[in-house]
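Single-structure report; data block below.
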Amino acid sequence: MSLQLSEQEIIRREKLAKLRGLGINPYPADLYPVNHTSKEIREGYEEGKKVIVAGRLMAINIQGKASFAQLQDSEGRIQVYFNRDVICEGEDKTMYNVVFKKLLDLGDFVGIEGELFTTKVGEMSVRVLGFKVLSKALRPLPLPKTDKEGNVYDGFTDPEMRYRQRYVDLTVNPKVKDVFVKRSKLFTAMRNFFNEAGYFEVETPILQPIPGGAAARPFVTHHNSLNIPLYMRIANELYLKRLIVGGFDGVYEFSKNFRNEGMDRTHNPEFTAMEIYVAYKDYNWMMDFTEKLLEHCAIAVNGTSEATFDEHKINFKAPYKRVTMRQSIIDFTGYDIKGQTEEQLRAAAKGMNIEVDETMGVGKLIDEIFGEKCEGNYIQPTFITDYPKEMSPLCKEHREDASLTERFELMVCGKEIANAYSELNDPIDQRERFEAQLELAKKGDDEAGEFIDNDFLRALEYGMPPTSGLGIGMDRLIMYLTNNPSIQEVLFFPQMKPETFEKKKSLELNDNEKVIFDIISKEKSMELTTLKEQAGLSNKQWDKGIKALGKLELTKVTKANDILTVDLVE
RNA sequence: GAUUCGUUAGCUCAGCUGGUAGAGCACAUCCCUUUUAAGGAUGGGGUCCAGGGUUCGAACCCCUGACGAAUCACCA
């Protein structure tokens with residue numbers, strides 16, 4: 001981005017100065033006594049009612065001594081009608097002829113006092129009795145227009161600009177705001193549901209000395225006074241369990257997590273998970289709870305339990321199907337994993353054209369088969385239960401089968417949106433599992449945990465009641481509820497590489513331009529080909545140089561009888 | 001990380017086989033007292049992402065790079 005101002009920016013700065021010249025402060029400090037929004041006007045319309053509104057001018061249509069404009073506030077737009085002789089009752093028509101017609105621009109914030117009326121064509125409008133400049137916009141906004149059929153013209157659509165300048169995106173693309181309104185409704189709905197159930201919203205550390213509760217590469221930072229490394233949390237699970245140890249029946253937290261890994265349209269380095277832990281429950285109870293929760297949330301957000309995502313119609317109405325991972329694999333491959341050895345599983349996976357390698361253990365192999373052949377088939381919300389033990393170091397062993405865990409994931413549209421356990425609360429088992437993970441990490445498995453959180457183990461040793469925990473990927477859930485295939489569309493400010501703001505180009509000549517200019521300065525006038533030879537520059541450099549000099553009006557190229565001549569401009 | 005596509009006026013986009021850079025909206029000036037994306041007339045506005053190469057000549061062809069998007073890979 002250049003600091004060089006465009007024509008339109010210069011004009012707006014001139015208007016700013018003219019406003020000040022008329023004694024109008026374009027950025028006044030005092031509050032503006034707004035008493036209606038555009039929506040309230042429309043819903044509570046009464047002919048002649050006096051209102052005070054404020055917002056941005058988003059369309060201006062000047063018809064001589066009368067004009068129409070669209071004022072946009074947080075709730076939408078309302079038409080406002082400016083009439084010269086209404087605004088300027090006396091002889092002085094400055095407010096209309098100069099301030100409104102000449103010095104206001106699209107994008108400016110204005111406050112308007114007026115009365116309601118309906119135009120000939122039936123549009124609810126505000127007749128302006130007086131207006132006040134509240135903030136002058138120095139940059140022109142992109143101005144998409146929509147016709148009666150809903151076709152958008154000149155849309156502001158470039159994703160890079162929309163994400164980098166979300167403030168512009170939100171101003172000119174009303175549908176963007178709807179997504180974030182729904183996002184907020186989702187959080188509120190979930191909070192209400194948990195609070196109704198008597199659970200307790202908590203906050204736990206984001207800066208952690210040991211990054212635990214998940215397997216992911218953390219962001220590392222350094223605390224100066226303590227002189228220790230600290231990690232941005234990758235999960236908050238171990239802290240919430242400490243609170244269950246401390247005696248809470250149910251705790252939950254909306255947790256910003258940070259993972260130093262790849263970015264794509266479903267992964268952002270910081271994202272939001274909701275985790276809840278409830279004492280004396282197991283994963284069967286948690287499935288009942290989860291399906292009721294999601295039905296409640298879907299209705300709160302969209303007014304219905306149904307949602308559309310891509311070509312799929314999803315229904316979040318409880319109950320959801322429950323399928324064990326073993327049964328799922330039988331359903332889609334005909335293969336029964338029960339009791340199979342590592343070698344048998346590896347051979348079976350190979351037979352299904354799944355890429356496998358020697359480092360994969362039983363759990364990993366089963367997970368690969370499921371991921372490759374089954375996962376993508378679950379469009380409607382479905383609980384997949386009873387995962388192999390190796391994959392789940394924080395999960396309690398299955399009550400009926402020691403090779404499995406009491407874990408479920410909720411699949412929607414072939415992707416996982418929730419994950420839950422009967423939590424492991426046996427401190428000795430937990431220590432052994434951590435140690436096994438540590439071994440895996442030493443062998444180079446980068447998915448295994450590299451740290452043992454001894455304080456967490458100490459907490460378990462004091463005793464944690466049987467507990468079930470659930471985690472939900474909030475960003476992914478809101479993507480489903482708003483039909484957005486990209487996480488960037490549901491985050492206000494998705495992570496991007498920083499922009500470079502170019503420095504103002506100096507008016508000094510660069511080296512190539514100097515070479516050319518020095519020669520022509522001596523000769524005053526010479527043939528172009530001669531000058532080019534003497535300059536000794538490459539074709540490209542010559543071309544750029546002579547064009548730049550021409551633009552700066554230092555030289556002039558003329559053509560006569562097919563001979564190009566360069567002259568020095570005096 | 002790989003592949004493909006993109007980057008031209010404030011915004012959306014054209015620009016053919018390489019030959020002085022185009023449109024609509026926006027902006028400026030003038031006319032107009034009820035308009036619904038778009039009243040009429042006229043006129044300004046460009047580092048064609050950056051750097052290098054080829055060429056008499058590059059927005060266009062070639063190379064390198066920046067940024068973005070999509071697909072894939074990776075991903076509790």
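The sequence lines fix the lettering, A, B, ..., with proteins before strands; numbering per chain opens at 1.
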Response to the item:
Taken in chain and number order and not counting sequence neighbours, the residues that satisfy side chain to side chain donor-acceptor pair (under 3.5 Å) with E435(A) are none
Worksheet item: The side chain of R164(A) lies closest to which of these nucleotides: rU34(B), rC67(B), rA38(B)?
Response: rC67(B)
Discussion item. I'd like to check the side-chain contact (heavy atoms from CB on, under 4.5 Å) partners of P218(A); sequence neighbours left out, ordered by chain and number.
Written reply: P211(A), Y231(A), I234(A)
Discussion item. Please determine whether a side-chain nitrogen or oxygen atom of K65(A) lies at a distance below 4.0 Å from atom OP1 or OP2 of rU34(B).
Written reply: no
Worksheet item: Looking at K102(A), does any N or O in its side chain come under 4.0 Å of the phosphate oxygens OP1/OP2 on rC30(B)?
Response: yes
Worksheet item: If only side-chain N and O atoms of R265(A) are considered, is one of them under 4.0 Å from the OP1 or OP2 phosphate oxygen of rU71(B)?
Response: yes
Worksheet, complete the sentence: Taken in chain and number order and not counting sequence neighbours, the residues that satisfy salt bridge (charged side-chain N to carboxylate O under 4.0 Å, His left out) with D429(A) are R433(A)
Discussion item. Between rU35(B) and Q79(A), counting only base atoms on the nucleotide and side-chain atoms on the residue, is there a donor-acceptor pair under 3.5 Å?
Written reply: yes
Discussion item. Any carboxylate oxygen within less than 4.0 angstrom of a Lys/Arg side-chain nitrogen, looking at R166(A) and D169(A)?
Written reply: yes
Discussion item. So for Q63(A) and rU34(B), does any side-chain atom that can act as donor or acceptor lie under 3.5 Å from a complementary atom in the base?
Written reply: no
Item to complete: Could you work out which one of rA69(B), rU35(B), rU33(B) sits closest to the side chain of Y163(A)?
Response: rA69(B)
Practice prompt. Could you list the residues that satisfy ring-ring contact (aromatic ring centres under 6.0 Å, His included) with Y163(A), not counting sequence neighbours?
Written response: none
Discussion item. Between K145(A) and rC25(B), is there a contact of a side-chain N or O with OP1 or OP2 at under 4.0 Å?
Written reply: no
Item to complete: Return the set of residues passing side-chain contact (heavy atoms from CB on, under 4.5 Å) with K241(A) (not counting sequence neighbours), or none when no residue passes.
Response: E237(A), Y277(A), L394(A), E423(A), F456(A), M464(A)
Item to complete: Answer yes or no: side-chain N or O of T119(A) and base N or O of rU36(B) forming a donor-acceptor pair under 3.5 Å.
Response: yes
Practice prompt. Can you tell me the distance, in whole Å, between the CD atom of E14(A) and the P atom of rC27(B)?
Written response: 15 Å
Output a table of nitrogen or oxygen pairs between the protein and nucleotides 7-13 of chain B separated by less than 3.5 Å.
from	atom 1	to	atom 2	distance (Å)
rG10(B)	N7	Q8(A)	NE2	3.3

